[in-house]
Protein chains: 2
Amino acid sequence: MSRNNAGLSRERIVAEALRIIDGMGLRSLTMRRLGDALNVEAMAIYHHFPLGKEQLYSAIVEYISDPARALASPAAETAPEDEATPETDPEPEPRPWDQRLRDWACDYRAALLRHSGALPLMIHRRPDTVAALRATELHYAAFTEAGLPPEEVPGAAAALTSYVLGAVIHQVRSEGLPSSDPAVLDGRFPTVMALSSIDVDHDRVFRTGLDALLAGLTAPRVQHGER
Amino acid sequence: MSRNNAGLSRERIVAEALRIIDGMGLRSLTMRRLGDALNVEAMAIYHHFPLGKEQLYSAIVEYISDPARALASPAAETAPEDEATPETDPEPEPRPWDQRLRDWACDYRAALLRHSGALPLMIHRRPDTVAALRATELHYAAFTEAGLPPEEVPGAAAALTSYVLGAVIHQVRSEGLPSSDPAVLDGRFPTVMALSSIDVDHDRVFRTGLDALLAGLTAPRVQHGER
DNA sequence: CACCTGACTTTACGTAGTAAGTCTAGGATG
DNA sequence: CATCCTAGACTTACTACGTAAAGTCAGGTG
């Protein structure tokens with residue numbers, strides 16, 4: 001490897017950055033550490049992301065927002081098992097609209113959970129990537145197929161996306177470290193105490209809520225007051 | 001105000017920190033700037049938050065997670081109008097369970113939207129504050145009153161919280177600055193193009209999705225496949 | 001009056017992002 | 001072959017950040 005070709009690329013940089021984030025947390029992702037991981041000086045990264053760290057952040061968000069990529073490569077948790085499906089499934093037979101939405105939701109959730117350390121980066125970035133548009137297209141087509149009137153489709157898609165992202169964050173929050181002095185569960189919260197023994201299976205809860213939301217979104221509407 | 005009593009307090013520090021976050025963004029909240037805003041040296045803050053900035057962050061999250069506080073003080077957007085309700089409403093007549101949930105959701109959403117710059121701080125902090133427990137108590141009681149079997153109550157509450165937080169983030173994301181090179185809306189996304197003229201009223205969309213979710217959560221359940 | 005304590009300040013250090021400059025290899029040009 | 005150019009990688013240097021440690025100082029207490 002000659003001096004000035006370390007084989008850097010955006011893809012490789014983002015993958016390495018995500019490995020650092022997943023392993024040590026977002027705060028630990030520094031240009032110097034990233035450079036070290038890539039066997040390169042920190043400033044070399046600026047050649048591929050001339051706008052600096054913010055641009056790198058955006059690339060990371062774009063990466064994890066695309067389940068196809070985020071679920072494929074960067075987690076070598078288990079040894080690469082030989083897949084039952086040999087390669088690209090030749091003819092993905094058309095699934096019903098609700099199954100397509102459920103599948104998307106599960107994939108997106110898995111991608112976000114896998115890289116939950118990068119979640120704070122998503123909040124203030126507009127989802128105007130190709131992956132985001134692909135997801136919206138899937139949502140709109142499915143809800144249209146479900147029989148929603150056009151003017152209700154974008155709202156339904158927004159609700160679905162909101163729920164999935166919110167569920168991921170809810171899970172991540174609940175699994176976070178306890179704060180320095182957590183509030184005590186005492187008599188002020190009788191119902192919580194009564195139900196505190198029920199343990200949560202995040203996967204199950206997610207799917208139940210998802211079913212409820214989809215059912216509510218595609219059922220005949222009831223008007224409610226303005227509050 | 002003598003030299004060594006600038007009248008600092010956790011409350012005042014957090015309020016000022018939130019003003020900085022709301023006005024200039026989370027990245028701009030530095031100890032020095034916060035000290036300046038409080039007419040104090042940066043290190044003075046460490047007297048009230050000895051564990052440093054992380055502890056300050058936690059206090060900020062606790063603050064905005066309590067709609068009663070977050071919606072009250074720190075936004076002097078409009079001049080303080082004389083309220084129609086004179087003081088603490090003397091006897092808050094009991095509202096039906098669904099109205100209580102809807103009211104909570106709207107208040108929580110408003111609090112988060114008002115301080116959306118602080119949202120990234122929430123993601124990895126466990127919601128174990130008094131305000132969070134109060135909210136959970138409200139949820140559990142309401143869903144129990146709605147007739148949900150006890151084992152489904154925590155899941156329903158989680159779904160509701162997920163939706164509200166997700167909806168706020170969805171809105172904030174959609175209002176963020178466009179990325180450096182946004183994806184083009186071309187023929188690959190026909191349904192999106194067809195519906196792109198529909199403009200979104202975030203408040204309305206939020207309430208519609210909320211109604212759908214509540215309806216789905218409290219309606220008789222239908223089992224779906226494992227995906 | 002001496003002393004203490006709590007509230008803020010001063011000084012200083014290590015690390016962060018990154019602007020600006022330097023260096024090297026390899027191709028283009030004469 | 002000698003020279004120059006350029007893109008990419010590396011170095012230096014600057015500013016700003018979080019915060020440890022020590023200092024300062026008013027007001028209360030004995």
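Only heavy atoms go into these numbers, but all of them, side chains included; no hydrogens, no water, no symmetry mates. In what follows, chains are A, B, ... by sequence order, proteins preceding strands, each numbered from 1.
Shown for residues 37-46 of chain B: residues whose heavy atoms fall under 4.0 angstrom of DNA chain C, namely B/Val40, B/Glu41, B/Met43, B/Ala44. In the region residues 24-32 of chain B, proximity to DNA chain D at under 4.0 angstrom, judged on heavy atoms, holds for B/Leu29, B/Thr30, B/Met31, B/Arg32.
The closest donor-acceptor contact from the side chain of B/Arg10 to the backbone of B/Phe49 lies at 3.5 Å or more, if one exists at all. The backbone N or O of B/Leu34 sits nowhere less than 3.5 Å from a side-chain atom of B/Glu16 that would complete a donor-acceptor pair.
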Derivation of the side chain to side chain contact (heavy atoms under 4.5 Å, CB included) call for B/Leu217 and A/Thr208: CA-CA 8 Å; B/Leu217 284 173; A/Thr208 306; 5.7 Å; no

Verdict with reasoning, B/Thr136 to A/Phe189, per side chain to side chain contact (heavy atoms under 4.5 Å, CB included): CA-CA 8 Å; B/Thr136 307; A/Phe189 316 107; over 6 Å; no

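Taking 4.0 angstrom as the limit, B/His48 places none of its side-chain polar atoms (N or O) nearer than this to OP1 or OP2 of C/dG6.
Here NE2 of B/His115 is found 10.5 Å from OG of B/Ser65. Values are rounded to the nearest 0.5 Å. Atoms CZ and CG, on B/Arg109 and B/Asp107 in that order, are 11.5 Å from each other to the nearest 0.5 Å.
Taking the six-membered ring for Trp and thresholds of 30 and 60 degrees, B/Phe206 and B/Tyr163 have nearly parallel ring planes, at less than 30 degrees apart.
As a whole-Å value, the separation of B/Ile20 CD1 from D/dC17 C1' is 14 Å. The CG atom of A/Asp36 sits 15 Å away from the C1' atom of C/dG17 (whole-angstrom rounding). In this structure, B/Leu56 places its CG atom 15 Å from P of D/dC17, rounding to the nearest Å. Residue A/Arg12 contributes atom CZ, which lies 10 Å from atom P of D/dA9 at whole-angstrom precision. For the pair B/Leu8 CG and D/dA26 C1', the interatomic distance rounds to 16 Å; values are reported in whole Å. Rounded to whole angstrom, the span from the NZ atom of A/Lys53 across to the P atom of D/dA16 amounts to 18 Å. Rounding to whole angstrom units, CD of residue B/Glu54 and C1' of D/dG18 are separated by 11 Å.
Distances from the side chain of B/His47 to the nucleotides C/dA7, D/dG8, D/dC17 place C/dA7 closest.
Between the side chains of B/Arg125 and B/Ser58, at least one donor N or O lies within less than 3.5 Å of an accepting N or O. Side chain to side chain, A/Thr129 and A/Glu62 fail the donor-acceptor criterion of an N or O pair below 3.5 Å.
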